[in-house]
Amino acid sequence: MHGRPRKAPTDEEQEASSNKAVKLRDLQSQVLQFHRNKIYTKEAIEISAKLLESNPEHYTGWNYRKLAVEHLLDHLPENGVDSESIQSILDEELRLVENALKRNFKSYGAWHHRKWILSKGHSSTDRELRLLSKFQKLDSRNFHAWNYRRFISALKKIPDEEELQYTTNMIYDNFSNYSAWHNRSVLLSNLLEKGGKGYDDRGTVLGEEYEFVRNALFTDPDDQSGWFYHLWLLEQTLQREPLFLSSWPPNGSTLCLSIDGYLNSQQSWPMLHFQSKARTFPLILYFSEAVEGVSSSTVTVESEYNAGGDLIWRPLSPKKFGFSQAWLTDLKFSDKVHSLESCPVKITVAHFPGIISSSGMPCSQSCHLSFTVCVPANDQERSEVQTAHRISLEEENFKALATQSEEAKLVHSLSKLEIEKVNRPTTCKQSLETISNEIAHCQELLSSTDCKIGKLTLARLWMARNTLITYGSTDDGTEVHYEDILALYRDLMKMDPVHICYYEDEYSLALWKQATSNLVSLLKHCYQYQETSSSPSMNPSLCVRLNGLSLSRIGSMEHLLWVQMLDLSHNKLRSIEGLETLQLLSCLNLSNNKICSFTALEPLKKLKSLQVLDISNNEIGAHSIDTRRYLCSSPLNHALVSEWHFDKFASDDVTLKDHWDAYLIFDDLNLIQLEIMGNAIVDDRLRSFLFKLMPSLKWIDGESKCD
Amino acid sequence: MEEAESYPPIDPSNFDLIVIGTGLPESIVASAASAAGKTVLHLDSNPFYGSHSASLPLNDFIPFIQSESQPQSRNLTSDDYVSTPVATRPLYSAVETNSYSSEPTENSRKFNLDLAGPRVLLCSDSMIDLILKTGINQYMEFKSVDASFISSADGGLENVPDSRSAIFKNRGLSLTEKNQLMKFFKLVQRHLGDDETEDDKISDQDLESPFVEFLTKIGLSQKLKSIILYTIVLADYDQENLEACKDVISTKSGISRLALYHSSIGRFPNANGAIIYPIYGQGELPQAFCRRAAVKGCIYVLRMPVVAILNDKDSGEYKGIKLVSGQELFSPKLIIAPSFTIPSTPNHDAQVANSDDVSLSDTKKVARGICITKHSLNTQVANCLVFFPPRSLYLEQSTSVRVLQLSSNVAVCPSGMFVTYLSAMCDDNVQGKKLLNAAINALFSVPISGNSENSGASNLSEHAEEKPCLLWSTLYIQELTTFQGGLDSISKTPMPDEHLHYTDLLDATEKIFKEIYPNEEFFPSINVSNDDEGGGSELDS
Amino acid sequence: MGELEIVKHVKYILTVEKKKDDFESVVMEHLRLNGAYWGLTTLDILQKLDTVDVNEVVSWIMECQHESGGFGGNIGHDPHVLYTLSAIQVLALFDKIDVLDIDKVADYISSLQNEDGSFSGDIWGEIDTRFSYIAICSLALLHRLDKINVEKAVEYIVSCKNLDGGFGCTPGGESHAGQIFCCVGALAITGSLHHIDKDLLGWWLCERQVKSGGLNGRPEKLPDVCYSWWVLSSLIMIDRVHWIDKGKLVNFILDCQDKENGGISDRPNDAVDVFHTYFGIAGLSLLEYRGLKPIDPAYALPVDVVNRIFLRK
């Protein structure tokens, strides 16, 4: 009942309605009865036509018609099996469908009945196209008609060029016709894929499309249709092959392993120290976008002491799926090795083709990186006991880095990207031109019109430009200042408060890039953590603090793979997607954010070395609707990796039934220390549940297990 | 006596109203009067309907405007009345015809040339409403004028961006201009929209100010201003030069004309633009009204010249008319076409004199022209409008020149040919001719005049792919008379005016009717129900 | 605006269930089983499910089942997945799924999967991603997903993904909020949401909110209460629901209430119907409106019902 005004019906109307009702009910029961008893007489069929003309939604009626048609076709008089009689039977159906559609051209049943008749090889292209243009004139957005149009053009082999022209005409009639723009994007993708005459040069075709849609954007900037098409064009332009961006250990670094022991402070920077368990250490590759196909056959590792044999590469996405921006493997050293001065490790990424982005682009040119591993000879054994020590994330324990300090130098060496940009793809240049051109037009438009989507598009274009430049060959020109981008988003928040959180998220991504993508800004966020109280034997560790920035979202990790201690407290984080890449992370502070559910913490399940977690003062348990419910692997989405033992685990306590999601997350973690207070869900029952769940856990909110 | 035989006697001899001349205003009044139940006699000395609103075959066209140019007078006396002989005064002057090829004249009958061209109808204008109201659309068919163009700086023709989609399609405007123009259209919509708040409205102060100043104020480019002023609002005079401008358009009226134009777009499903034209020419319109009048009992006699007005011997007031047949007919009211003059009678010289003085002293004239070619001004379209805004042809051009090209699909010319009407306001013949010739030279390639047809033909083949080559053309200057009550019982209708549409002429006509029948409704409305449906069906797509 | 007229809506739903004699209800007769699902789920969200006679409903539903195992929209109507899902959902509401011959129903549904992974709605072969969702949702509720080729089913849905991030009825079909719900829902249930560009689709969806606060189903269309469900649930499943203004949407839905006789309409002051009443109230539940049971965005059933089915055994 769409768009019908609400009013109490008058008596006459009521009467008319019930009269109509009686007639219709009578028709319906008759047809159902014919259907049940397989009666296909002329009269019966006519009655079914009456029914469907007055109620085209009556799907059983359409089914009856199909049976009737099949019956009639089977029982044609022996002599009369001529095409005319078949024609007339099918023509009758086409006529009926047309009348039914006149009554309601959103009737699925009627449209499908027509397809069914056509599948019997009836009707002509012209006839169908005429019908279509009639309906599409009446309602140019009707998606049944558009779907049927695609069906016909496929059935009758109408060339895409002709259909593309049709969309052009529809757009000329009214460029708000999103349906036409949509179909255009579909047809163009096909044509570009085939690359026939006039469509072999992608750049030119897209260029013409930009020009075409620009007329719509300028004529009516408030109309969305053109903008969505423009966004699609943008994506086409930005499509490029994935790039290998960074690694851990970093290219050119020296990794100092302390096997089964503790990092000792005598070691001098800027050597990387890593406490290795079981003589292994992680090797992480980070790409410009999610890729698949990272394996021992696409990545070669040369190291004389590698005892691992063929390496197993695992994607670092929260899920088990093939595509991931970061890939992990473990390098293992043979037990024979007790100390070694320097063992070079050489890695070639994409040595052989096979690494492919989710958009199907292959990583074409191979990159090399190398680092050195050494194991100190004087490796004094230590007992395990001392681990028992609660970490306090109090402010006073953090000191900013002096720019010349050893740590600073270390960060320097860590954050530098030394993966040479040899022969970066030239498509980059072309798309950079296009982007710059679009930026210019966008600015022209904004100079005369204060237009929301225009602003947003400019911000997107600027971000895209920066990405192209940072990932492109060196002589591509200068980046846009992130400040300008941030300013645009601040504008948008004021201008379009309804979507403020969208802009906050975009803002956060830009802010994150600004903070982490160059050394100077990164250093501002690097602190030295040392507990004033702690014993001198505890060496200072490096902590990256991106706290209090009102980040609502986490961005690219390419420069943070080395981080072991991360402070994201006092932001607006709802999701922590991306943290799963920080494999070295041992201490994470997420307190005072907007995390609404345990399921939102799923990325942590990948962090095997995480020991200290602070999620105090979030919104876990404060919401009745869990927005991560289906992004997190669980029995609900049949994506659970490990088996589901929750029931027997929690069977002893009924209320724990509600904590299935806590179980889901913490079951896999080896936390020593957890801060969780200040979340609606927390109570003693949950605490004891968590203690039971994580044997390694020593403290929750400062209370230790024993008491 | 034998003369009398060739003219049938008319019976009865007394009517509520006698109308002389079947021009559009006369026909509408006749039709309205008979609709109001009056007995009406409608006479015309010509063998065809329409008088000054007629559409004529090519060979009859020139003789008509020439004959109308010579005063002709008869004299016949009456026994019981003072009979004042009627004369006609010249309304067309400086007729100048060039024939470069015999083809048009050979196909004379295939032409229906409007005397008062260029003229069209806007789908939402008052004339269309009247046509639908009176139901005469059953006698007529219309076709839409596919496109309108404005002369661009480089002398080419650019599409007029008159709608949202036209702006989108337009190739002549810069992106920013597209943005500005659509913004302006939206601003007008918001202003006219009722549900909107005050700040969406245009201030009263702006509404009173000249439209051109408002357009400047909101920062429209020169190009956009002349597009709006001369192709959509249809201004006659250069609005930029306020002292010389004879009618300065206020923002208020500018906006209402814009609204009329926009409401015309898409009023009828099968008219793609705002503008339509009647098949067989504008002459169909007066005929249609006459047919409706006849249905309502109005008596028609063509080929019946009137020779004298009969006045009462003593009072001298109007009593009736004397026909060329000698028959005398009587009516309390008389309506006469604008070409008639009634020389002064002893008693009434004053009134009559000044009544005609008024019309003569009015210096406004319109220059009209007709061109026949074998090629369209734009290969894409058959029927189109072209506008030359002031100063687009030459610097002193102070009025805009309007051009209407029609093809055989509206049955005004043999297929393969095109008829193009031009008009412009002018103060005198010289100025008028200069305006039209400038436009003609901009649009057509004109064979060196005096050329014989064959050289003209060769000429045509050369220039075919560039500008269309002229086969035939005529230029003339038409007087613009305005309606005066004149004598209390005799009213004179106005000449077809300078405008592209009928709105003003219709207003004047209604005034006449109101003056003679103050208490009668101007076409009592019959069921106006399926208005647009009827409108839709009236157009042949 | 103002409050949610819970009592009046309950009354409205109970009366529509009863009345069968005006033209509208006759026109809708063939999809009465959908109507039952809409009405009863709404009652459950309003915590008033106990007002109906379970056995009456269940036995009526079973009368709609066919030999094939599928359900018709009403007694005497042909079987179709559209109504089979409704039947399963209603039974799930009452925790009565076990009255079914589960494998028979599951076999009917799985028999409708095609070579390319797509699903037909019934034997007559209309193909639509709506049916993919219905099949997957039904089989999941029956714990019988293993009866179909899930991988291919997902493949087909992904092949209907558009360049704006949304989904259509068939490959190349225009994105439409209703269709998007079906595809996102099916991907959610099969743990395949990684196939979705959450930011791209999320932005498209959040731009469905118009000035009035309501949501439309496609760009440049009018808002309609039913999209409060289609759009909201999709946004929730991809964790982008914070991108719209919930407060304004709540007000829009409340504006569409018939404050005298109960029921909710597509737009303010339009005629109400069960369909929009359900979508309005389900929408409010997704918006965490106080006093309503939370509803699950993928299975379109109250969360407690879904948890009961999946977090047990």
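Letters go in sequence order (proteins before strands), and every chain restarts at 1. All values reported here derive from a predicted model rather than from experimental measurement.
- Residue with the most contacts toward chain A among B/N179, B/N272, B/L181, B/L173: B/N179 (heavy-atom pairs, distance under 4.5 Å).
- Between A/Y489 and A/Y503, the two ring planes are tilted [angle within 30° to 60°].
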- Message: salt bridge (charged side-chain N to carboxylate O under 4.0 Å, His left out) for A/D450 and A/K455? Distances and angles first, verdict last.
- Response: CA-CA 8 Å; A/D450 195 28; A/K455 275 209 173 82; 2.6 Å; yes

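- Both the backbone and the side chain of A/I171 come within less than 4.5 Å of a heavy atom in chain B.
- For A/S176, the parts lying near chain B are the backbone and the side chain together; criterion is any non-hydrogen pair under 4.5 Å.
- Annotation: B/F387 is not in aromatic contact with B/F149 [ring centroid separation under 6.0 Å not met].
- The closest side-chain heavy-atom distance from B/Y261 to B/V233 is not below 4.5 Å.
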